[in-house]
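Input: a single structure, listed below in structure tokens.
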Amino acid sequence: MAQLLDGAGKLGWVLLKAVLRFVFMFINNCVAIPSYCLYLLLLQPLRIWDSSAFWHFEGVMFKWLLAMVSSWGWIAGYTVTEWGDDVRPISEEEAMVIVNHQSTGDVCTLMMCLQDKGTVVRKMMWLMDHVFKYTNFGLVSLIHGDFFIRQGKAHRDKQLIYLKDHLDKYYHSRDRKWIVLFPEGGFLRKRRETSQLFAKKHSLPHLTHVTLPRLGATHVILKTLAAQQENGSVGSDTGTPNQTGNKRKGLQWVIDVTIAYPKARPMDIQTWIFGYRPPTVTHVHYRMYPIKEVPMEAEALTDWLYQRFVEKEELLAHFYDTGSFPLEDGQKGAVSRQMTLDPVRLCVIQLLAFASGFMWYSVLQHLYCCLF
């Protein structure tokens, strides 16, 4: 009987904590997202006068919003440990980031682990499934200039055309540096069986922890953003000026990011919201490739991309067996870095969000009373 009461008490605490977290996040969204939109509406004259300053302010607020999402997980004890290459030294250089995709929690994990990477978060562009457009964060991503892609053969060709147009229109004009995409084109659990059947039919590697990537978006991004000379090789700059008038060098790196969850149990957005899972460490592995090592021709790029995901399969298999990623060349012991968030900064950002929400509520209420 005592054991039953103890179990009921623990369940009650989990449910109460989940309700309190949901209420807090609901209010958090209600004050932060409208404030972001209203500030940008107020700054529209600046966008006409000095667009670089406008997108600088937008990027700062965008990073704050992503820090709020990160804080939801951090408060619940969800943290990140980083492995492999240190990407911070190239945070000001242009890069394409390719990530394996297991669940909706992958985006939240990236939002957290990129917070300490300089200006990356405010100058990055995301490629995500079109369903995210209809979430609470969809409006923010739409304003920021992220691209929502529709999956499926019926939409594939048109979506690639739309993607190129989007990159031409927004990537340089808003001074973006990193572009993040999930080449698998869907969650692991949904695509694994189809991918394995495709691999068997075409004598390709059998993958369990990742799926075979799709080439389309990756190829479009490289062809559009990487500097190329007349012979098709990668050059030193794109010739496209940035907002300061200086020539851009184009993509300089491809960053291969592998996300691993303990016991191969992906963390979804519901977990981040309700916090019902015990404190969990998500592991993120980085590998950097200079853009000159990446082939641009479709067939060679396909082979190169397949090889990266074969390597991801090996990394994840090793992690699930041992709890750590394998040693890099020249390493004598496993090297990992605990990614930390500044609690003071998170508190200040939350206070600013709630203060802004109260301010805009007061302003709008005053305007309503004056007009009506």
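Computed from a predicted model, the values in this text were never measured in an experiment.
- Using modelled atom types, one finds a donor on one side chain and an acceptor on the other under 3.5 Å when comparing Thr271 with Asp268.
- In terms of hydrophobic clustering, with Ile, Leu, Val, Met, Phe, Trp and Tyr side chains grouped at heavy-atom distances under 4.5 Å, Ile98 and Leu188 are assigned to different clusters.
- In the hydrophobic clustering of ILVMFWY residues, with side-chain heavy atoms under 4.5 Å counting as a link, Tyr134 and Ile269 come out apart.
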Let me see the working for Tyr276 and Gln270 under side-chain contact (heavy atoms from CB on, under 4.5 Å), right down to the final yes or no. CA-CA 9 Å; Tyr276 49 77; Gln270 296 94 315; 4.0 Å; yes
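- For Lys164, the salt bridge (charged side-chain N to carboxylate O under 4.0 Å, His left out) partners are Asp168, not counting sequence neighbours.
- For the pair Met125/His166, a side-chain contact is recorded, criterion being any heavy-atom separation below 4.5 Å from C-beta on.
- Once rounded to the nearest 0.5 Å, the distance linking CH2 of Trp272 with CZ of Arg21 reads 9.5 Å.
- Rounding to the nearest 0.5 Å gives a distance of 10.5 Å between OH of Tyr306 and CZ of Phe309.
- Heavy atoms from other residues, nucleotides or ligands lying under 6.0 Å from CD of Gln44 number more than 12.
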Please walk me through it: do Gln350 and Phe24 pass side-chain contact (heavy atoms from CB on, under 4.5 Å)? CA-CA 11 Å; Gln350 290 288 5; Phe24 171 76; 4.1 Å; yes
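- No more than 12 heavy atoms of other residues, nucleotides or ligands lie within 6.0 Å of OH in Tyr361, so this atom counts as exposed by the packing criterion.
- In the hydrophobic clustering of this structure, Val281 does not group with Val80; members are Ile, Leu, Val, Met, Phe, Trp, Tyr whose side-chain heavy atoms approach within less than 4.5 Å, directly or through other members.
- Each of Glu314, His285, Lys312 was checked for a side-chain hydrogen bond (donor to acceptor under 3.5 Å, both in side chains) with Thr258, and the lone residue meeting it is Lys312.
- In this structure the side chain of Asp321 never reaches within 4.5 angstrom of the side chain of Phe319, judged on heavy atoms.
- Across Gln115 and Ser70, no two heavy atoms sit closer than the pair CG-OG, 3.9 Å.
- Annotation: salt bridge (Lys or Arg N to Asp or Glu O under 4.0 Å) contacts involving residues 46-68, sequence neighbours excluded, comprise Glu58-Arg176.
- Annotation for Tyr78 and Pro278: closest pair CE2-O, 3.4 Å, computed over non-hydrogen atoms.
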Could you go through Lys117 and Glu82, starting from their C-alpha distance and side-chain angles, then the distance that decides it, and tell me whether this counts as salt bridge (Lys or Arg N to Asp or Glu O under 4.0 Å)? CA-CA 12 Å; Lys117 307 298 186 294; Glu82 299 178 313; 2.7 Å; yes
For Leu225 and His172, what are the C-alpha separation, side-chain angles and deciding distance, and is it a side-chain contact (heavy atoms from CB on, under 4.5 Å)? CA-CA 9 Å; Leu225 302 181; His172 295 303; 4.1 Å; yes
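- Note that CD1 of Ile221 is 9.0 Å distant from OH of Tyr171, once rounded to the nearest 0.5 Å.
- Between the side chain of Glu92 and the main chain of Ile90, no donor-acceptor pair closer than 3.5 Å is present.
- Checking Tyr261 against Thr280 by side-chain atom types alone, no donor-acceptor pair falls below 3.5 Å.
- Ring geometry for His101 against Phe187 counts as perpendicular: the plane angle is over 60°, on a 0 to 90° scale with 30° as the lower cut.
- Under the side chain to side chain contact (heavy atoms under 4.5 Å, CB included) criterion, Leu346 pairs with Ala67, Ser71, Trp74, Leu341, sequence neighbours left out.
- The cationic group of Arg308 lies under 6.0 Å from the six-membered ring centre of Tyr289 and within 45° of the ring axis, placing it in a cation-pi geometry.
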Acceptor/donor pairs from residues 197-213 side chains to any protein atom, 3.5 angstrom cut, sequence neighbours excluded:
from	atom 1	to	atom 2	distance (Å)
His202	ND1	Phe198	O	3.0
Thr211	OG1	Glu184	OE2	3.2
Thr211	OG1	Arg191	NH1	3.0

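- Here the straight-line distance linking atom CD1 of Ile259 with atom CG of Leu315 works out to 13.0 Å at 0.5 Å rounding.
- At a threshold of 4.5 Å between side-chain heavy atoms, the hydrophobic network of Ile, Leu, Val, Met, Phe, Trp and Tyr places Phe354 and Val344 in one connected group.
- Contact of the Met124 side chain with the Ile179 side chain is not registered, since no non-hydrogen atoms from C-beta on lie closer than 4.5 Å.
- Remark: Phe325 CZ to Arg287 CZ distance equals 9.5 Å, nearest 0.5 Å.
- Shown here for Asn29 and Pro34, the closest heavy-atom pair between the two residues is O-CD, 3.3 Å.
- Partner of Leu127 under the side-chain contact (heavy atoms from CB on, under 4.5 Å) criterion, out of Asp146, Val180, Leu163: Leu163 alone.
- Put simply, the side chain of Leu42 reaches to within 4.5 Å of the side chain of Trp360, judged on heavy atoms.
- Trp55 and Trp49 fall within a single hydrophobic cluster, where Ile, Leu, Val, Met, Phe, Trp and Tyr are joined by side-chain heavy atoms under 4.5 Å apart, directly or via other members.
- The closest side-chain heavy-atom distance from Pro326 to His318 is below 4.5 Å.
- In this structure, Ser35 and Gly357 approach most closely via the heavy-atom pair OG-N, 3.4 Å.
- Between atom CD1 of residue Ile349 and atom CG of residue Leu65 there is a gap of 9.0 Å, rounded to the nearest 0.5 Å.
- Scored by the salt bridge (charged side-chain N to carboxylate O under 4.0 Å, His left out) test, Glu313 finds no partners at all (sequence neighbours excluded).
- When atom types are taken as modelled, the side chain of Gln102 and the backbone of Pro266 share no donor-acceptor pair closer than 3.5 angstrom.
- Residues Leu142 and Phe148 approach most closely at CD1-CE1, 3.7 Å, considering heavy atoms.
- When side chains are defined from C-beta on, Asn100 does not count as touching Phe182, because their heavy atoms never get closer than 4.5 Å.
- For residues 118-137, the pairs satisfying salt bridge (Lys or Arg N to Asp or Glu O under 4.0 Å) are Lys123-Asp175, with sequence neighbours left out.
- Between Phe22 and Phe26, the ring-plane angle classifies as parallel under the 30° and 60° cut-offs.
- When each of His283, Arg337, Gln338 is checked for a side-chain hydrogen bond (donor to acceptor under 3.5 Å, both in side chains) with Thr81, only Gln338 meets the rule.
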With side-chain contact (heavy atoms from CB on, under 4.5 Å) as the criterion, how do His144 and Phe137 come out once you've worked through the C-alpha distance, each side chain's angles and the decisive distance to 0.1 Å? CA-CA 11 Å; His144 183 68; Phe137 216 73; over 6 Å; no
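- Counting heavy atoms from C-beta on, the side chains of Trp253 and Val87 never come closer than 4.5 Å.
- Between the side chain of Ser91 and the main chain of Arg88, a donor-acceptor pair closer than 3.5 Å is present.
- Closest approach of Glu297 and Ala300 over heavy atoms only: OE1-N, 3.0 Å.
- Surrounding CZ of Phe358 are at most 12 heavy atoms belonging to other residues, nucleotides or ligands under 6.0 Å away.
- Between Trp178 and Val121 there is no side-chain heavy-atom pair separated by less than 4.5 Å.
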